[in-house]
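Heads up: the structure comes next, in structure tokens.
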Amino acid sequence: MNTTFFDLLWQLKQELELKGLETIDMPAFIEDLEYRRRVLKQVDLKALNPAYQQILPELLDRRTLDITRQVRTLPPVTKPRPGGPVHTVESGRKAPGFLTGLFIVLFLLVGVAALVELTGNQIASDLISTAGLKGRQADVDVASPAVASAVQTSPTQAIKPHASTETLFRIHGSNTIGETLAPELLKAFWQQQGAQDIRIHQGTVEVERDILFSLPGKSALQRVELKAHGSSTGFKGLLNRETDLAMASRRIKDQEKTRLAPLYGDLSSVRTEHVVGMDGLAIIVHPRNPISSLSTAQLARLFSGEIVNWKQLGGPDEPVRIYSRDENSGTWDSFKSMVLKKHGVKLAATARRFESSMELSDRVSQEPGAIGFIGLPYVLRAKALAVADEEGALPVFPTTFTVSTEDYPLTRRLYMYEPMTLSLNSPAHQFMRFVTSEEGQDIVRKSGFISQNIQRIQPVLSNELPQEYLALTRGGSRLSLNFRFNSGTFELDNKAQRDLERVIRFFEKNPGQRVFLIGFSDSTGDPEHNRSLSLQRAQIVRDQLLARGINVADVQGLGALAPVASNATATGRERNRRVEVWVRDTTAVNATLVR
């Protein structure tokens, strides 16, 4: 039997993690040769299943992987059943069963009870805490030296705030950003500012935390408040003056912008709207589900409850179980817009809703019939599917490159909104400058999201693409961004305006490159007129680069060829109106001319 190269990689990832490796960053494993080599260096390659060994030469030597091709499959990796007998590698004997475990617990409890009689409650309480038999985490006093030595397990554990604290600023909103990305950005920023003893204090609510640290010359403990209840709560927090910055995994809505304008100015302007990173809205299923790709129309039928069994899609005879983010989530807003509304359906009433991205992903990875949607970094042990924007279109896997160029159909931008009322000297504004800098974008990448720092890649192009496009790009490399425009205009959007500066920095560090631009349009209207519009878009980008000292060798417009999204929707047409940036080495071009 055969499977896709991508599915085999997922099986390899799972087996390596079961052998004790840390969680593997799948997008980086696919696209970053050095990262791939570092991971595989930790493994006895000769002991791997032959199905994995057949792809080792590519994994170790090939910079770009063709993840869509067919390869030989292998038997599934077996996991121990939860609650069943566990066999140890060393002895092959069964671990203690239920009755043995119960006897041990009863013995410990009798011992503790006797100790209480002899020495009082305090010593027994300390022993219970040390043994991990405590109740609520909030009951543990980490400041106590006796207990601290026993519970120091994670930098995110609960730590009691200092008696005197100074709140520098507050960030509310998206759980996608607030769960892992925002804390890492805050820690890196304050480290850059010379902060010491940076730690995270967990609030009584799971998605509420404080970043606590000390600054030289400050006697009070410094604090940044972080609440991540969902994108809409960030804008509500601004309206109620309860936050200084708003995180959102979707763009601000018109009604939110109108409501907040009298207080904070235009929050959709380039000075206030910051794209902090890119994210692919991954569709996840159980790792053993044989389905590898779906169209957005099929996703709509699944999540609306129209498809109730996987065998209706050629999969196993297994009931479909739907998992969704909650109503406050920007992830939910994005999925609703990109899938459900697009196909005129609503989420099934039977869907289970989750506030936590990690919890949703964990549940899907354990439930054979489950399907859910999640931000790309939270795929974890589940399996991500390739997605086609419409029936008959090529399905695209969510990878670092396809998300950064926004070619993956369920790509979204992650935002932070900074009111114009913030002082340019304020810690909140300085933090926002760090987030969009190269250093900040490196933290975005390390957190599992997609950085906006530019990479050069030679993509594997399908022969099904238009021949004119293949001829233009042959021998070239592509930069990991597309320039896009405000809806219905020839104005570069906010991200594109900042990307101009990133392109300049790329060419300053990589001299000797010849730039060529390819413009595209949607399919609405006359084909020749569309080709003219696409050329005009490419010329606008060329003029902007020329004004910044970057020479552009060639400009082409291909009209509605090679769409990356459906032209049946306004959002899809907007994504198709783009300009790609391609480069060739000057030496390679000169060699071609000599021949």
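Looking at heavy atoms from C-beta onward, S293 lies out of side-chain contact with L385 at the 4.5 angstrom threshold. Side-chain contact between F303 and V345 is absent, with no heavy-atom pair separated by less than 4.5 Å. Contact of the V503 side chain with the I454 side chain is registered, since non-hydrogen atoms from C-beta on lie closer than 4.5 Å. Counting heavy atoms from C-beta on, the side chains of P316 and N289 come closer than 4.5 Å. In this structure, the side chains of F235 and I252 come closer than 4.5 Å at one or more pairs of heavy atoms. A 4.5 Å side-chain heavy-atom check between R271 and E418 finds every atom pair outside the cut-off. Contact check for F354 versus D326: no side-chain heavy atoms found under the 4.5 Å cut-off. Two residues are said to be in side-chain contact when any heavy atoms from C-beta on lie closer than 4.5 Å; M247 and I171 meet this criterion.
In terms of modelled atom types and a separation under 3.5 Å, the side chain of R36 and the main chain of F29 share a donor-acceptor contact. Looking at R531, its side chain does come within 3.5 Å of a backbone N or O of G557 through a donor-acceptor pair. Of the possible polar contacts, one joining the T272 side chain to the L267 backbone as a donor-acceptor pair under 3.5 Å is found. Formation of a donor-acceptor pair under 3.5 Å by the S329 side chain with backbone atoms of W332 is found in this model. Under the 3.5 Å distance criterion, the side-chain polar atoms of R573 are matched with a main-chain donor or acceptor of N567. Looking at R325, its side chain does come within 3.5 Å of a backbone N or O of E355 through a donor-acceptor pair. T402 places a side-chain N or O within 3.5 Å of a backbone atom of T399 that can act as its donor or acceptor partner. With hydrogens and angles disregarded, no donor-acceptor distance shorter than 3.5 Å links the side chain of K383 to the backbone of I283. Side chain of S521 to main chain of N576: no donor-acceptor pair is present (N/O by atom type, distance under 3.5 Å, no hydrogens or angles). Looking at S437, its side chain does come within 3.5 Å of a backbone N or O of F434 through a donor-acceptor pair.
Heavy atoms only, all atoms of each residue included: T233 and G173 are closest at OG1-CA, 3.7 Å. When all heavy atoms of D279 and P377 are compared, the closest pair comes out as OD1-CD, 3.4 Å. Smallest separation of non-hydrogen atoms from N510 and Q513: O-CG, 3.0 Å. Residue I284 comes nearest to A382 through the heavy atom pair CB-CB, 3.8 Å, listed as atom of the first residue, atom of the second, then distance. Counting all heavy atoms, side chain and backbone alike, V444 lies closest to V276 at CG2-O, 3.3 Å. Closest heavy-atom contact between F401 and P459: CE2-CB, 4.3 Å.
H343 is linked by a side chain to side chain donor-acceptor pair (under 3.5 Å) to T296, counting only residues two or more places apart in sequence or in another chain. For F506, the ring-ring contact (aromatic ring centres under 6.0 Å, His included) test picks out no residue, with sequence neighbours left out. For the side chain to side chain donor-acceptor pair (under 3.5 Å) test, residues two or more places apart in sequence or in another chain that qualify with T180 are Y378. F485 pairs by the ring-ring contact (aromatic ring centres under 6.0 Å, His included) definition with nothing, not counting sequence neighbours. For F483, the ring-ring contact (aromatic ring centres under 6.0 Å, His included) test picks out no residue, with sequence neighbours left out.
In this structure, the separation between CD on E501 and CD on E438 is 11.5 Å, given to the nearest 0.5 Å. Note that the CG atom of L380 and the CD1 atom of I24 stand 12.5 Å from one another [nearest 0.5 Å]. Summarising the geometry, atom CD1 belonging to I374 is positioned 4.0 Å from atom OG belonging to S357; distances are rounded to the nearest 0.5 Å. A distance of 12.5 Å separates CZ in R363 from NE2 in H286, rounded to the nearest 0.5 Å. Atom CZ of F507 is separated from atom CZ of R548 by 13.5 Å, given to the nearest 0.5 angstrom. Atom CG in L299 sits 5.5 Å away from atom CD1 in I371 (nearest 0.5 Å).
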**OP:** Determine, step by step, whether E34 and R37 satisfy the salt bridge (Lys or Arg N to Asp or Glu O under 4.0 Å) criterion, reporting the C-alpha distance in whole Å, the side-chain angles of both residues, the deciding distance to 0.1 Å, and the verdict.
**Re:** CA-CA 5 Å; E34 294 308 315; R37 286 173 173 171; 3.2 Å; yes
**OP:** May I have the step-by-step check of side chain to side chain contact (heavy atoms under 4.5 Å, CB included) for V579 and N482, ending in yes or no?
**Re:** CA-CA 6 Å; V579 175; N482 285 331; over 6 Å; no
**OP:** Check the pair L245, Y417 against side chain to side chain contact (heavy atoms under 4.5 Å, CB included), reporting the backbone distance first and the verdict last.
**Re:** CA-CA 6 Å; L245 299 171; Y417 288 88; over 6 Å; no
Subject >> Evaluation steps, salt bridge (Lys or Arg N to Asp or Glu O under 4.0 Å), between R484 and E574 >> reply: CA-CA 8 Å; R484 285 188 165 82; E574 193 168 320; over 6 Å; no
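At a threshold of 4.0 Å, the pair E580-R578 counts as salt-bridged, since one of the basic side-chain nitrogens sits closer than that to a carboxylate oxygen. Between E508 and R505 there is no salt bridge, since no side-chain nitrogen of the basic residue lies less than 4.0 Å from a carboxylate oxygen of the acidic one. R577 and E406 are not joined by a salt bridge, as no carboxylate oxygen comes within less than 4.0 angstrom of a charged side-chain nitrogen. The pair D333-R412 does not meet the salt-bridge criterion, since no charged nitrogen lies less than 4.0 angstrom from a carboxylate oxygen. Under a 4.0 Å N-O distance rule, the pair R478/D407 qualifies as a salt bridge. R353 has a carboxylate O that lies under 4.0 Å from a charged side-chain N of E327, or vice versa, which qualifies the two as a salt bridge.
A distance of 6.0 Å or more separates the ring centres of Y323 and F373. Centroid-to-centroid, the aromatic rings of Y408 and F397 stay 6.0 Å apart or farther.
Side-chain polar atoms of E318 and N309 form no donor-acceptor pair below 3.5 angstrom. With 3.5 Å as the limit, one finds no donor-acceptor pair spanning the side chains of N453 and Q455. Side-chain contact of R250 with S334: a donor-acceptor pair under 3.5 Å is absent, judged by distance alone. Between the side chains of R445 and Q441, not a single donor N or O lies within less than 3.5 Å of an accepting N or O.
Between F520 and Y469, the ring-plane angle classifies as perpendicular under the 30° and 60° cut-offs.
With W582 as the aromatic partner, R514 does not meet the cation-pi criteria of under 6.0 angstrom to the ring centre and within 45 degrees of the ring axis. Cation-pi geometry between R584 and F516 is satisfied (NZ or CZ under 6.0 Å from the ring centre, within 45° of the ring normal).
Applying the side-chain hydrogen bond (donor to acceptor under 3.5 Å, both in side chains) test to pairs two or more places apart or on separate chains, those with a residue in residues 491-500 are E273-N494, H274-R498, R413-D493, N486-E491, K495-D499, D499-R502.
Heavy atoms of other residues, nucleotides or ligands lying less than 6.0 angstrom from CZ of R433 number 12 at most.
When each of V555, L558, I540, L517 is checked for a side-chain contact (heavy atoms from CB on, under 4.5 Å) with L535, only V555 meets the rule.
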